[in-house]
**Student:** 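The structure follows.
Each residue takes its place number in the sequence, starting with 1.
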Amino acid sequence: MQYTEVEQLILHKLQHELPHHLSYHSVAHVKDVIEAATYIAAEEGIQGDDLILLRTAALFHDTGFLHGAKDHEQKSCDIAKDILPGYGYDPSQIDRICGMIMATRIPQTPQNLLEEILADADLDYLGRDDFFTIGDRLYEELSVFGMVSNEWDWNVLQVRFLEAHHYFTHTAIRLRKQKKEENLQKIKDKL
C-alpha cells in the first residue's frame with residue numbers, strides 16, 4: 001500500500017478542486033481527522049496494515065464532496081475504489097476502507113474498532129477546546145446550503161446533535177466526553 005503517494009495525490013486534489021464555499025469540509029478537516037484517527041489508533045493499540053487502512057479511510061472519507069454533499073460517503077467510497085487499486089490496495093482492503101468511510105455517516109453505526117476510531121476521529125472536535133472555532137466554519141457552510149438561517153437555529157441544531165452523539169472508543173470517551181458535555185452546556189446557556 002503506497003499511502004504516502006496517495007495522500008499527496010488526494011490532498012492536492014482536495015486543495016484545488018473542493019468548492020470554496022466548503023468552509024468546514026476542507027483539507028484542514030481531512031488533515032485533522034487523519035491526525036485524530038492516528039492518535040486514537042495509537043491509544044487503542046492499532047498498528048501496521050490496519051493503521052495504514054485507517055489513515056487511508058480518513059484521507060478519503062470526505063472526497064465525495066468533490067461531487068456534492070448528498071451521499072458524499074458513498075461517493076467517497078466510489079472514488080477510493082477507483083483510485084486505490086493503482087496504489088497497491090487490494091479489493092478486501094478497499095472494502096474495509098469503505099466500511100470505515102460509511103461509519104462516518106450520521107447517525108454513525110460503526111461495526112468494528114477501526115470503524116469506531118474513524119467515526120470518533122471525524123467528530124473529535126466536539127470534545128475539544130477548538131469546538132467553537134470549528135463549529136463556526138460548519139455554521140458558515142450550512143448557511144450557504146440554507147440549512148440554518150440564524151445563530152438561534154444553529155444552536156438548537158447543535159444541542160440536538162450533541163445530545164444524540166456519543167463516542168465509541170475508550171480513548172475518545174476518556175479524552176473527549178467531558179469537554180463535549182461542557183461545550184453542550186455552553187450552547188444551552190445561549191438558548
**Student:** Please check if the side chain of Glu43 supplies one atom and the backbone of Thr171 the other of a donor-acceptor pair under 3.5 Å.
**Tutor:**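 No, Glu43 side chain to Thr171 backbone: no donor-acceptor pair under 3.5 Å.
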
**Student:** Please report the shortest heavy-atom distance between Ala37 and Ala121, naming the atom on each side.
**Tutor:**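 Result for this residue pair: N-CB, 3.4 Å.
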
**Student:** Mark yes when over 12 heavy atoms from residues, nucleotides or ligands other than Gln178 sit less than 6.0 Å from its CD; otherwise mark no.
**Tutor:**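 No.
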
**Student:** Would a 4.5 Å heavy-atom cut-off, applied to side chains only, mark Lys179 and Asn183 as touching?
**Tutor:** yes

**Student:** Any donor-acceptor pair under 3.5 Å linking the side chain of Lys75 with the backbone of Lys70?
**Tutor:** yes

**Student:** Answer yes or no: is there a donor N or O on one side and an acceptor on the other, between the side chain of Asp62 and the main chain of His25, under 3.5 Å?
**Tutor:** no

**Student:** Are more than 12 heavy atoms from other residues, nucleotides or ligands located less than 6.0 Å from atom NZ of Lys177?
**Tutor:**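 No, the 6.0 Å shell around NZ holds no more than 12 heavy atoms from other groups.
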
**Student:** Does a salt bridge link Asp49 with Arg96, judged by any charged N lying under 4.0 Å from a carboxylate O?
**Tutor:** no

**Student:** Examine Leu126 and Val148 and state if one hydrophobic cluster contains both, with Ile, Leu, Val, Met, Phe, Trp and Tyr joined whenever side-chain heavy atoms are less than 4.5 Å apart.
**Tutor:** yes

**Student:** What heavy-atom pair brings Ser76 and Gly64 nearest, and what distance separates the two atoms?
**Tutor:** OG-N, 2.8 Å

**Student:** Excluding sequence neighbours, so at least two apart, what forms ring pair (Phe, Tyr, Trp, His ring centres under 6.0 Å) with His67?
**Tutor:** none

**Student:** From Leu84 CG over to Met1 CE, what is the distance, rounded to the nearest 0.5 angstrom?
**Tutor:** 10.0 Å

**Student:** Using side-chain heavy atoms (C-beta onward) and a distance below 4.5 Å, is Leu11 in contact with Leu59?
**Tutor:**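 Yes, close enough: below the 4.5 Å cut-off.
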
**Student:** Would you indicate whether Glu151, at its atom CD, is surrounded by more than 12 heavy atoms from other residues, nucleotides or ligands within a distance under 6.0 Å?
**Tutor:** no

**Student:** Taking all non-hydrogen atoms of both residues, which atom of Thr38 and which atom of Leu51 are closest, and how far apart?
**Tutor:** CA-CD1, 4.4 Å

**Student:** Using only atom types and a distance under 3.5 Å, with no angle test, would you say the side chain of Glu5 pairs donor to acceptor with the backbone of Tyr87?
**Tutor:** no

**Student:** Can you list every pair that meets ring-ring contact (aromatic ring centres under 6.0 Å, His included) and has a residue in residues 113-151, with sequence neighbours left out?
**Tutor:**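 As it turns out, the ring-ring contact (aromatic ring centres under 6.0 Å, His included) pairs with a partner in residues 113-151, which skip direct neighbours, are His21-Phe145, Tyr24-Tyr125, Tyr125-Phe131, Tyr139-Trp154.
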
**Student:** Working to the nearest 0.5 Å, report the span between CD of Glu141 and CG of Asp136.
**Tutor:** 13.0 Å

**Student:** So do the side chains of Phe168 and Ile117 get within less than 4.5 Å of each other, counting heavy atoms only?
**Tutor:**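 Result no, sub-4.5 Å side-chain heavy-atom pair not found.
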
**Student:** Can you give me the closest heavy-atom contact between Leu22 and Ser26, atom names plus distance?
**Tutor:**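 Heavy atoms of Leu22 and Ser26 come nearest at O-CB, 3.8 Å.
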
**Student:** Around atom CD of Glu35, are there more than 12 heavy atoms of other residues, nucleotides or ligands at under 6.0 Å?
**Tutor:** no

**Student:** How close do Pro19 and Phe65 get, counting heavy atoms only, and between which atoms?
**Tutor:**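 Residues Pro19 and Phe65, closest heavy atoms: CD-O, 3.9 Å.
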
**Student:** Working to the nearest 0.5 Å, report the span between CD of Gln185 and CG of Leu162.
**Tutor:**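 Interatomic distance, Gln185 CD to Leu162 CG, rounded to 0.5 Å: 11.5 Å.
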
**Student:** Verify the cluster assignment for Met100 and Met102: are they in a single hydrophobic cluster under the rule of side-chain heavy atoms below 4.5 Å apart?
**Tutor:**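 Result: no, two separate clusters.
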
**Student:** Using 30° and 60° as the class boundaries, would you call the ring planes of Phe161 and His165 parallel, tilted or perpendicular?
**Tutor:** parallel

**Student:** For Glu17, what residues pass the salt bridge (Lys or Arg N to Asp or Glu O under 4.0 Å) criterion, not counting sequence neighbours?
**Tutor:** Lys13

**Student:** Atom NZ of Lys188 and atom CD of Glu163: how far apart are they, to the nearest 0.5 Å?
**Tutor:**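 The CD atom of Glu163 is 4.0 Å from NZ of Lys188, to the nearest 0.5 Å.
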
**Student:** Report yes if some heavy atom in the side chain of Val156 is under 4.5 Å from a heavy atom in the side chain of Arg160; otherwise report no.
**Tutor:**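 Yes; the side chains approach each other to less than 4.5 Å.
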
**Student:** Heavy-atom distance under 4.5 Å between the side chains of Thr56 and Ile52, does that happen here?
**Tutor:** yes

**Student:** A side-chain contact here means heavy atoms from C-beta on lying under 4.5 Å apart; do Glu7 and Ile34 qualify?
**Tutor:** yes

**Student:** What I'd like to find out is whether the side chain of Ile106 reaches to under 4.5 Å of the side chain of Leu123, using heavy atoms alone.
**Tutor:** yes

**Student:** When you measure from the side chain of Asp90 to the backbone N and O of Gln93, does any donor-acceptor pair fall under 3.5 Å?
**Tutor:**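 Yes, Asp90 side chain to Gln93 backbone: donor-acceptor pair under 3.5 Å.
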
**Student:** Is the number of heavy atoms from other residues, nucleotides or ligands under 6.0 Å of Gln47 CD greater than 12?
**Tutor:** no

**Student:** Going through the distances and angles, do Leu118 and Val33 end up as a side chain to side chain contact (heavy atoms under 4.5 Å, CB included)?
**Tutor:** CA-CA 8 Å; Leu118 189 58; Val33 173; 3.7 Å; yes

**Student:** For Arg137 versus Ser23, what's the shortest heavy-atom pair and its separation?
**Tutor:** O-OG, 2.7 Å

**Student:** Is Asp124 paired with Arg128 through a side-chain N to carboxylate O contact shorter than 4.0 Å?
**Tutor:**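 Asp124 and Arg128: salt-bridged.
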
**Student:** Let me check something: do Tyr39 and Leu114 share a hydrophobic cluster, defined by ILVMFWY side-chain heavy atoms less than 4.5 Å apart, either directly or through other members?
**Tutor:**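 Result: no, two separate clusters.
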
**Student:** Tell me, do Ile83 and Thr63 make a side-chain contact under 4.5 Å, heavy atoms counted?
**Tutor:** no

**Student:** In Å and rounded to the nearest 0.5 Å, what is the CG to OG1 distance from Asp120 to Thr169?
**Tutor:**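 Here the interatomic distance stands at 4.0 Å.
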
**Student:** What's the spacing between Glu140 CD and Leu138 CG if we round to 0.5 Å?
**Tutor:**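 Interatomic distance, Glu140 CD to Leu138 CG, rounded to 0.5 Å: 10.0 Å.
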
**Student:** Show, in sequence, the C-alpha distance, side-chain angles and deciding distance for Ile10 and Val30, and conclude whether the side chain to side chain contact (heavy atoms under 4.5 Å, CB included) test is met.
**Tutor:** CA-CA 10 Å; Ile10 295 302; Val30 171; 5.9 Å; no

**Student:** Can a donor-acceptor pair be found, under 3.5 Å and without considering hydrogens, that links the side chain of Asn155 to the backbone of Ile187?
**Tutor:**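 Between the backbone of Ile187 and the side chain of Asn155 there is no qualifying donor-acceptor contact (under 3.5 Å).
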
**Student:** Going by the side-chain hydrogen bond (donor to acceptor under 3.5 Å, both in side chains) test, name the single residue among His72, Glu73, His29 that passes it with His61.
**Tutor:**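 Passing option: His29.
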
**Student:** Would the distance check show the side chain of Tyr167 and the main-chain N or O of Gly127 forming a donor-acceptor pair, the cut-off being under 3.5 Å?
**Tutor:** yes

**Student:** Let's go through Glu116 and Ile40 carefully: what are the C-alpha distance in whole Å and the side-chain angles of both, what is the deciding distance for side chain to side chain contact (heavy atoms under 4.5 Å, CB included) to 0.1 Å, and is it a yes or a no?
**Tutor:** CA-CA 10 Å; Glu116 289 177 351; Ile40 296 168; over 6 Å; no

